[in-house]
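Hydrogens, waters and symmetry mates are skipped; everything else that's a heavy atom, side chains included, is used.
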Protein chains: 2
Amino acid sequence: MATTNLDRQVGQRLASLDIRYTTGRSRVVSSLASLDGPMSAAELRDFIAPPVPLSSLYRTLAVLEESGVVTPHYGKSGVARYELAEWLKGHHHHLVCIDCGAIEDVSLSTSQESRVHDVINDIVALAEFQATDHTLEIEGRCKKCS
Amino acid sequence: MATTNLDRQVGQRLASLDIRYTTGRSRVVSSLASLDGPMSAAELRDFIAPPVPLSSLYRTLAVLEESGVVTPHYGKSGVARYELAEWLKGHHHHLVCIDCGAIEDVSLSTSQESRVHDVINDIVALAEFQATDHTLEIEGRCKKCS
DNA sequence: TTCCTTGCAAACGATTTGCATTGGA
DNA sequence: TCCAATGCAAATCGTTTGCAAGGAA
């Protein structure tokens, strides 16, 4: 089953946690990999062949989330969207559409990312806070909605 | 009714939109003002006396959101949390503790905030995206949990 | 009076769970 | 074999809505 490089990484991770990497789970992972941004369970279902019941999909996503393979994002309209975790996908930020809720990934250049880090270090230096990660989300209207 | 300064600001805003500033709405606003961070509807309900049905609370929050008095926040676990809008509370960012979940507000200095804006303008220039707002959240461990 | 607002209960959509069946190590 | 994973249907949770009663202009 572990054919692609991605499958191999995820398979190893799950194996180390004594969790099976089944066909269904692999299908969810490779669907997420082939998509641009975080996807809701319903969107994901329409993307997976053969058809998967939503309940199974949610269960799969829960397992993948607990094992650190996918990351959930909660936005307006009450739907959760899922994407591959950063150790698989790389560090990135989001453009969030305030109208349709779509999320687009953006990767920052090294200099942009280091400018973000500079600001964060400034902030954290004042507060007594041990930063481990950061989220920069830009809200606005996507091409379709503007 | 418009006794406090906050009430006066909100009352004016609503009046300019031909929306009544009722006792129930005022209670929600002052509850939000007296609380540290964004609160869910259920948390808010337990804080308001006399008891308010959740449905009324949601309706009140919807009105206040549409009129720009409160801002919803969809950080975690799919429940919406609400806080006073930035024109009442000031623009700020969040330090989110990954252990205890506490959210601390931080205000950036003018130069820090302008550095954030510079980066955002850089990013948005490339994407076809009309930015209206941004959220910078720093995740890590708060003083208590580290 | 005439709208707007509220409370109650029922409806709703997203997500979860119980249980019987299937499938992989 | 044996336990974990799946499919289906029903339950649950947060949130929304229809409708009748209460209140302010």
Side-chain angles (χ1 to χ4, degrees), chain A residues 1-3 7 10-29 31 38-67 69-82 100-103, chain B residues 1-2 7 10-11 13-29 31 38-67 69-82:
Chain A
M1 174 191 316
T3 49
D7 272 329
V10 175
Q12 271 184 20
R13 171 83 153 223
L14 294 201
S16 77
L17 296 167
D18 278 309
I19 297 172
R20 289 187 198 153
Y21 192 41
T22 61
T23 319
R25 289 170 186 175
S26 167
R27 275 201 270 258
V28 170
V29 167
S31 294
M39 301 292 277
S40 69
E43 290 165 340
L44 214 42
R45 178 195 46 184
D46 300 336
F47 203 83
I48 297 176
V52 178
L54 270 180
S55 62
S56 300
L57 191 42
Y58 277 114
R59 262 195 276 237
T60 299
L61 288 167
V63 168
L64 294 176
E65 182 187 343
E66 281 156 28
S67 47
V69 173
V70 308
T71 313
H73 295 274
Y74 302 93
K76 282 194 162 64
S77 76
V79 302
R81 286 160 192 272
Y82 300 84
C100 69
I103 304 178
Chain B
M1 175 189 316
D7 271 331
V10 175
R13 171 83 153 224
L14 293 201
S16 77
L17 297 167
D18 278 309
I19 297 173
R20 290 187 198 152
Y21 191 42
T22 62
T23 318
R25 290 170 186 173
S26 167
R27 275 202 268 259
V28 170
V29 167
S31 294
M39 302 292 277
S40 69
E43 290 166 339
L44 214 42
R45 178 195 45 185
D46 299 335
F47 203 84
I48 297 176
V52 179
L54 269 180
S55 62
S56 299
L57 190 43
Y58 277 114
R59 262 195 277 237
T60 299
L61 288 167
V63 168
L64 294 176
E65 183 187 343
E66 282 156 28
S67 48
V69 173
V70 308
T71 313
H73 192 259
Y74 303 92
K76 249 206 159 66
S77 75
V79 301
R81 286 161 193 277
Y82 300 84

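- Here the side chain of A:Ser56 is nearest to one of C:dG7, C:dT6, D:dT6, namely D:dT6.
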(request) Spell out protein contact along nucleotides 20-25 of chain D as letters: B when the base is contacted, S when just the sugar-phosphate is, - when no protein heavy atom is under 4.0 Å; keep the 5' to 3' order. (result) ---B--
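- Straight-line distance from the CG atom of B:Leu57 to the P atom of C:dA9: 17 Å, rounded to whole Å.
- Judged by closest nucleotide on DNA chain C, B:Asp18 is the one of B:Ser55 and B:Asp18 placed further toward the 5' end.
- Note on residues 49-67 of chain B: no pairs pass salt bridge (Lys or Arg N to Asp or Glu O under 4.0 Å), not counting sequence neighbours.
- Residues A:Arg25 and B:Ala42 each lie close to DNA chain D; by heavy-atom proximity, the contact nearer the 5' end of the strand is made by A:Arg25.
- Among residues two or more places apart in sequence or in another chain, the side-chain hydrogen bond (donor to acceptor under 3.5 Å, both in side chains) test is passed with B:Glu43 by B:Ser40, B:Arg81.
- When rounded to the nearest whole Å, the span between CZ of B:Arg27 and C1' of C:dG7 equals 14 Å.
- Across all their heavy atoms, B:Ser31 and B:Leu44 have their closest contact at CB-CD1, 4.2 Å.
- Judged by distance alone, with hydrogens and angles left aside, B:Arg81 brings no side-chain donor or acceptor close enough to the base of D:dG14 to form a pair under 3.5 Å.
- In this structure, OH in A:Tyr82 is found 11.0 Å from OG1 in A:Thr71, a value given to the nearest 0.5 Å.
- Judged by distance alone, the side chain of B:Arg25 and the main-chain N or O of B:Arg20 form a donor-acceptor pair under 3.5 Å.
- When all heavy atoms of B:Arg27 and B:Ala49 are compared, the closest pair comes out as CD-O, 3.2 Å.
- No hydrogens or angles were tested; on distance alone, a donor-acceptor pair under 3.5 Å links the side chain of A:Arg59 to the base of C:dG18.
- In this structure, the CD atom of B:Glu66 is 11 Å from the P atom of C:dT5, given to the nearest Å.
- Between the C1' atom of C:dC4 and the CG atom of B:Leu17 lies a distance of 15 Å, rounded to the nearest Å.
- Ranking D:dA5, C:dG7, D:dG7 by closeness to the A:Thr22 side chain, first place goes to D:dA5.
- Contacts of A:Ala80 with the nucleic acid, taken as non-hydrogen atoms under 4.0 Å apart, involve only primed sugar atoms and P, OP1 or OP2.
- Residue A:Met39 contributes atom CE, which lies 15 Å from atom P of C:dA14 at whole-angstrom precision.
- The CD atom of B:Glu65 sits 14 Å away from the C1' atom of D:dT16 (whole-angstrom rounding).
- For the pair A:Leu14 CG and D:dA4 C1', the interatomic distance rounds to 13 Å; values are reported in whole Å.
- Rounded to whole Å, atom P of C:dT5 lies 11 Å from atom CG of B:Leu64.
- Note: B:Thr60 OG1 to B:Leu54 CG = 11.0 Å, rounded to the nearest 0.5 Å.
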